[in-house]
Visitor: 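One structure coming up, written as structure tokens, with questions to follow.
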2 protein chains.
Amino acid sequence: MRKYQNNPFNCAVVRTVNYIGGKWKPILLIRLLPGSVRFGKLASQIPDISRKILTQQLKELEEDGLIIRTEYKEKPPRVEYELSERGKTLMPILKAMYDWGVQMEDPETRGTWDPVIPEK
Amino acid sequence: MRKYQNNPFNCAVVRTVNYIGGKWKPILLIRLLPGSVRFGKLASQIPDISRKILTQQLKELEEDGLIIRTEYKEKPPRVEYELSERGKTLMPILKAMYDWGVQMEDPETRGTWDPVIPEK
DNA sequence: CTCATTGGTTACTTAAATGTTACTACTTTT
DNA sequence: AAAAGTAGTAACATTTAAGTAACCAATGAG
């Protein structure tokens, strides 16, 4: 997403898709709902995403003003990510998209709104 | 969109993005809001989309059950596309995404909810 | 008979998104 | 001294989405 979609009509809906679309961004935004989470925790909760892509997606979300990155200068480095105020305004939309997506879902393989994977 | 996104968490939000996301689908869905439109009219209203891509996107939307394609056996062929009932259920979401996208917009280059281009 | 119109299709190409692997600097633990 | 944890980065490769150009069959108009 993002540069990829050059949005020839400057359509506001396409613009929104460009902000939140893609394979990982909805999952990241949902995971940040409860509060700030550090990089390593995201990486372990979402094992299928490579660290490079995780970094990149988080950076895009930060550049787009949807999340805030805070770096704590500690002995082993610590970086926390959290939703910005603007990011929080996406929640009603994500919830509506969630509800619609659930309707379209194969009931056999149902996901969850906040699909927490048990940590090792 | 679609095959591209393999949605590893089976996230309902990602699923919804896969249905409506992409460079052209929101624009097509919005144009079908007022009622059925024929292929050629879509093509002329959206000059930036090639016929191949237009055909392909419409076919995906039809396969996904969001629009209905009706072929009239006439002398010059006529094909009309319209929203299905399921497609109509997307409207609140598209409207919410529109409203959010408008907030994020550069006011200098504002688009419209139904960006009708004057026909030749 | 030739040309235009309609709604496409086919083969090929480009561009964008995502993925893999290896590597880093620093510090603490063993 | 060696190993492990943190949050990455760089170079490269693959997969998917989107675009281009050329073509087609049936009919009707001129």
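Reminder, nothing fancy here: chain letters follow the sequence lines and each chain counts from 1.
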Visitor: Please report, rounded to the nearest Å, how far the P atom of D:dT16 is from the CD atom of B:Glu60.
Guide: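 Taking atom P of D:dT16 as the reference, CD of B:Glu60 is at 13 Å.
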Visitor: B:Lys41 has an atom NZ; how far is it from atom C1' of C:dT5, in whole Å?
Guide: 17 Å
Visitor: Tell me: CD of B:Gln56 to C1' of C:dG7, nearest whole Å?
Guide: 16 Å
Visitor: What I want to find out is whether A:Glu62 reaches A:Lys59 closely enough, with some N-O distance under 4.0 Å, to be called a salt bridge.
Guide: no
Visitor: Could you give the CD-to-C1' distance, from A:Glu71 to D:dT6, as a whole number of Å?
Guide: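 Those two atoms, CD and C1', are 11 Å apart.
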Visitor: Taking B:Met104 as the starting point, is it possible to reach A:Ile67 by hopping between hydrophobic residues whose side chains are less than 4.5 Å apart?
Guide: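 Cluster IDs for A:Ile67 and B:Met104 match.
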Visitor: I'd like to know if A:Glu71 and A:Arg78 make a salt bridge, using a cut-off of under 4.0 Å between side-chain N and carboxylate O.
Guide: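 So A:Glu71 does not pair with A:Arg78 through a salt bridge.
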Visitor: Ignoring the backbone of B:Gln57, work out which of C:dG19, D:dA18, C:dG8 is nearest its side chain.
Guide: D:dA18
Visitor: Looking at A:Arg69 and A:Glu80, is there a salt bridge between them, counting it only when a charged N and a carboxylate O are closer than 4.0 Å?
Guide: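 Between A:Arg69 and A:Glu80 there is no salt bridge, as every charged N stays at least 4.0 Å from the carboxylate O atoms.
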Visitor: Of A:Pro77 and A:Lys52, whose nearest nucleotide on DNA chain D comes first from the 5' end?
Guide: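 This one resolves to A:Pro77.
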Visitor: Rounded to whole angstrom units, what separation is found between the CD1 atom of A:Ile53 and the P atom of D:dA10?
Guide: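 Going from A:Ile53 (CD1) to D:dA10 (P), I get 14 Å.
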Visitor: Can you identify which nucleotide, out of C:dG8, C:dT6, D:dG8, has its nearest atom closest to the B:Phe39 side chain?
Guide: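 From the listed options, C:dG8 comes nearest.
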Visitor: Please give, in whole Å, the distance from C:dG8 C1' to B:Lys73 NZ?
Guide: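 Value for this atom pair: 12 Å.
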Visitor: Side-chain N or O of B:Lys59 less than 4.0 angstrom from OP1 or OP2 on C:dG8?
Guide: no
Visitor: Check whether any side-chain nitrogen or oxygen of B:Arg69 sits under 4.0 Å from OP1 or OP2 of C:dG8, and answer yes or no.
Guide: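 Indeed, a polar side-chain atom of B:Arg69 lies that close.
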Visitor: Tell me the interatomic distance from B:Leu54, atom CG, to D:dA17, atom P, rounded to whole angstroms.
Guide: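 In whole Å, D:dA17 P and B:Leu54 CG are 18 Å from each other.
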Visitor: Just N and O in the side chain of A:Tyr81: are any of them under 4.0 Å from OP1 or OP2 of D:dG8?
Guide: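 A:Tyr81 to D:dG8 OP1/OP2: side-chain N or O found under 4.0 Å.
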Visitor: B:Asn7 and B:Arg15: side-chain donor and acceptor closer than 3.5 Å?
Guide: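 No, no side-chain donor-acceptor pair sits under 3.5 Å.
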Visitor: By nearest heavy atom, map A:Glu74 and A:Ile49 onto DNA chain C; which one lands nearer the 5' end?
Guide: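 Upstream on the strand: A:Ile49.
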Visitor: For B:Arg78 and A:Ser50, find the nucleotide of DNA chain C closest to each by heavy atoms; which residue's nucleotide sits nearer the 5' end?
Guide: B:Arg78
Visitor: Ignoring hydrogens and angles, does a donor from either the side chain of B:Arg51 or the base of C:dG7 sit under 3.5 Å from an acceptor on the other?
Guide: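 A donor-acceptor contact between them is present.
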Visitor: Please give, in whole Å, the distance from D:dA18 C1' to A:Asn7 CG?
Guide: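 My rounded result for the distance is 15 Å.
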